[in-house]
Amino acid sequence: MRLRIYTVNQKYVKNKHGEIGVYKKRIKKWIKSSQPYKPRKRGLQKLSIHSTRFGFLDLYNRKEQQELICPSGYSISQCFNVLRKLWYAYRRAIGTDKDIDKMKKYAKAIQDVQKDMGIKTASFPHLGLYGDALILNAKNGMRRVFENHSALKKKREEYEMRQMKNAIKIQETLQKPKKLNGEAIVTIADDVFPYEKQDNEITLPQLLEPGDEKEGITALVDNIPFRRPHRRRLKRNGESTLTIADDEIPHETIDAEIEDTVPHILEPEGDEKILVISDDIPFRS
């Protein structure tokens with residue numbers, strides 16, 4: 001592992017007024033590489049890319065490429081970043097996912113971004129998507145295959161336009177009425193506003209109103225308070241629980257009849273007397 005030292009510009013706040021200062025800072029990193037670090041310029045080993053809108057793109061530096069705006073509203077730098085991600089997703093769809101639908105989706109997206117940049121579009125003959133050229137590069141950057149597919153691209157665009165025109169004609173013939181047979185197109189307008197409120201039908205409480213003066217509505221009030229639910233007893237060995245309903249309100253006092261109580265039944269009659277026996281034995285501990 002090699003220790004590499006980078007020099008960067010670090011910003012800091014000078015005072016309470018918000019003035020910003022810059023000082024140089026050294027950063028050390030351990031890198032797994034046997035090659036010594038050499039500063040390299042961008043694009044020395046890359047082939048030049050020509051755009052029909054901006055010319056050769058390798059003549060612009062990074063800051064200038066950020067100012068080159070495409071018709072979609074994105075800069076050339078943003079388009080290059082999107083192309084890098086789309087190519088990665090396309091290769092993943094080929095190797096890992098092996099999904100043809102995803103491959104077509106990313107291939108069309110790559111061609112759209114390249115058209116927006118004004119550069120040559122890539123061709124995907126195995127998917128039926130033809131562009132300007134088919135380019136295959138080796139791992140060392142050398143170009144192995146270069147085929148011009150601009151003629152095939154033009155034929156494909158003409159075929160798509162022909163298919164679209166045929167679809168429009170078929171749709172018009174299907175929707176066009178035959179006047180000789182008495183057919184006509186009827187247009188029905190929907191005048192109901194989507195959020196318009198409508199009056200509902202008469203509800204049940206209105207149907208229960210008394211019709212005559214002799215009739216009336218009797219309201220039954222339930223004065224029994226709510227009780228807490230009791231826990232159910234688990235049934236063991238075939239046991240069962242018998243529930244007896246208590247209709248009396250809790251804390252309600254009921255006056256019993258005088259003749260049915262025990263003290264009045266024990267009153268003496270005639271010569272009878274009541275004998276009171278007192279217990280003089282004290283309580284023992």
Side-chain angles (χ1 to χ4, degrees), residues 32 42-60 62-176 185 187-188 190 194:
K32 282 186 176 182
R42 186 184 179 204
L44 287 177
Q45 298 179 356
K46 293 182 181 179
L47 297 175
S48 59
I49 300 174
H50 183 267
S51 174
T52 57
R53 296 186 177 90
F54 310 109
F56 289 98
L57 299 178
D58 57 339
L59 300 179
Y60 301 93
R62 293 187 180 182
K63 198 166 185 179
E64 291 173 347
Q65 286 185 1
Q66 293 175 1
E67 298 176 358
L68 302 177
I69 306 301
C70 297
S72 61
Y74 297 98
S75 64
I76 289 291
S77 299
Q78 292 174 332
C79 293
F80 273 123
N81 190 22
V82 171
L83 275 178
R84 178 178 59 82
K85 295 179 180 179
L86 289 175
W87 277 112
Y88 173 78
Y90 173 74
R91 295 189 188 96
R92 184 180 177 85
I94 293 176
T96 306
D97 300 337
K98 298 181 180 179
D99 191 349
I100 298 178
D101 295 335
K102 286 185 178 181
M103 293 166 61
K104 289 183 178 180
K105 171 185 172 182
Y106 294 125
K108 289 180 181 178
I110 289 170
Q111 289 182 348
D112 293 339
V113 176
Q114 289 173 344
K115 287 179 184 177
D116 189 28
M117 296 173 64
I119 62 178
K120 291 184 178 181
T121 58
S123 182
F124 303 92
H126 58 286
L127 298 176
L129 302 175
Y130 293 98
D132 294 324
L134 173 64
I135 301 172
L136 298 178
N137 297 327
K139 291 183 179 180
N140 55 1
M142 298 297 294
R143 182 170 293 180
R144 293 293 183 87
V145 179
F146 178 82
E147 295 179 2
N148 189 1
H149 288 178
S150 56
L152 297 174
K153 177 185 175 183
K154 188 175 181 181
K155 288 183 180 180
R156 176 173 164 270
E157 291 177 351
E158 292 176 355
Y159 174 76
E160 289 179 352
M161 289 294 295
R162 200 182 310 115
Q163 290 291 107
M164 186 173 62
K165 290 180 180 179
N166 292 337
I168 293 172
K169 287 182 181 179
I170 293 171
Q171 188 176 5
E172 289 178 353
T173 53
L174 291 176
Q175 293 181 352
K176 191 175 181 180
I185 297 176
T187 304
I188 301 174
D190 188 5

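FYI, side chains are in, hydrogens and waters are out, and symmetry mates aren't considered; it's all heavy atoms of this structure. Position 1 is the first residue of the sequence; numbering continues from there.
Atom NZ of Lys104 is surrounded by 12 or fewer heavy atoms from other residues, nucleotides or ligands within 6.0 Å. Residue Ile94 places its CD1 atom among more than 12 non-hydrogen atoms of other residues, nucleotides or ligands, all under 6.0 Å distant.
Here the closest heavy-atom approach between residue Met117 and residue Cys70 is recorded as CA-SG, 4.1 Å. Counting all heavy atoms, side chain and backbone alike, Leu129 lies closest to Lys108 at CD1-CG, 3.8 Å. Taking both residues in full, the closest heavy atoms of Leu134 and Ser123 are given as CD1-O, 3.5 Å, listed atom of the first, atom of the second, then distance. Heavy atoms only, all atoms of each residue included: Arg84 and Asn81 are closest at NH2-OD1, 2.6 Å. For the pair Ile76 and Phe54, the tightest heavy-atom approach, listed with the atom from each and the gap, is CD1-CE1, 3.7 Å.
We find the CD-CG distance between Gln78 and Leu83 to be 12.0 Å, quoted to the nearest 0.5 Å. In this structure, NZ in Lys165 is found 12.0 Å from CD in Gln163, a value given to the nearest 0.5 Å. Taking NE2 from His50 and OG1 from Thr52, the interatomic distance works out to 7.5 Å, rounded to the nearest 0.5 Å. The distance from atom CG of Leu127 to atom CE of Met103, rounded to the nearest 0.5 Å, is 4.5 Å. Note that CG of Leu68 and OG of Ser75 are 8.0 Å apart. Values are rounded to the nearest 0.5 Å. Of the inter-residue distances, the one linking Tyr60 atom OH with Gln66 atom CD reads 14.5 Å to the nearest 0.5 angstrom.
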Is there a salt bridge (charged side-chain N to carboxylate O under 4.0 Å, His left out) between Glu160 and Arg156 once you walk through the steps? CA-CA 6 Å; Glu160 289 179 352; Arg156 176 173 164 270; 3.2 Å; yes
I'd like to know whether Asp132 forms a side-chain contact (heavy atoms from CB on, under 4.5 Å) with Gln114, so could you lay out the CA-CA distance, the side-chain angles of the two residues, the decisive distance to 0.1 Å, and finally the verdict. CA-CA 11 Å; Asp132 294 324; Gln114 289 173 344; over 6 Å; no
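Put simply, the side chain of Asp116 never gets that close to the backbone of Asp112: no donor and acceptor are under 3.5 Å apart. In this structure, Tyr74 contributes its side chain and Val82 its backbone to no donor-acceptor pair below 3.5 Å.
By the 30° and 60° cut-offs, the orientation of the rings of Phe124 relative to Trp87 is tilted. In this pair, Tyr90 and His126 present their aromatic rings tilted. The plane angle is within the 30 to 60° band.
When side chains are defined from C-beta on, Arg53 counts as touching Pro71, because their heavy atoms get closer than 4.5 Å.
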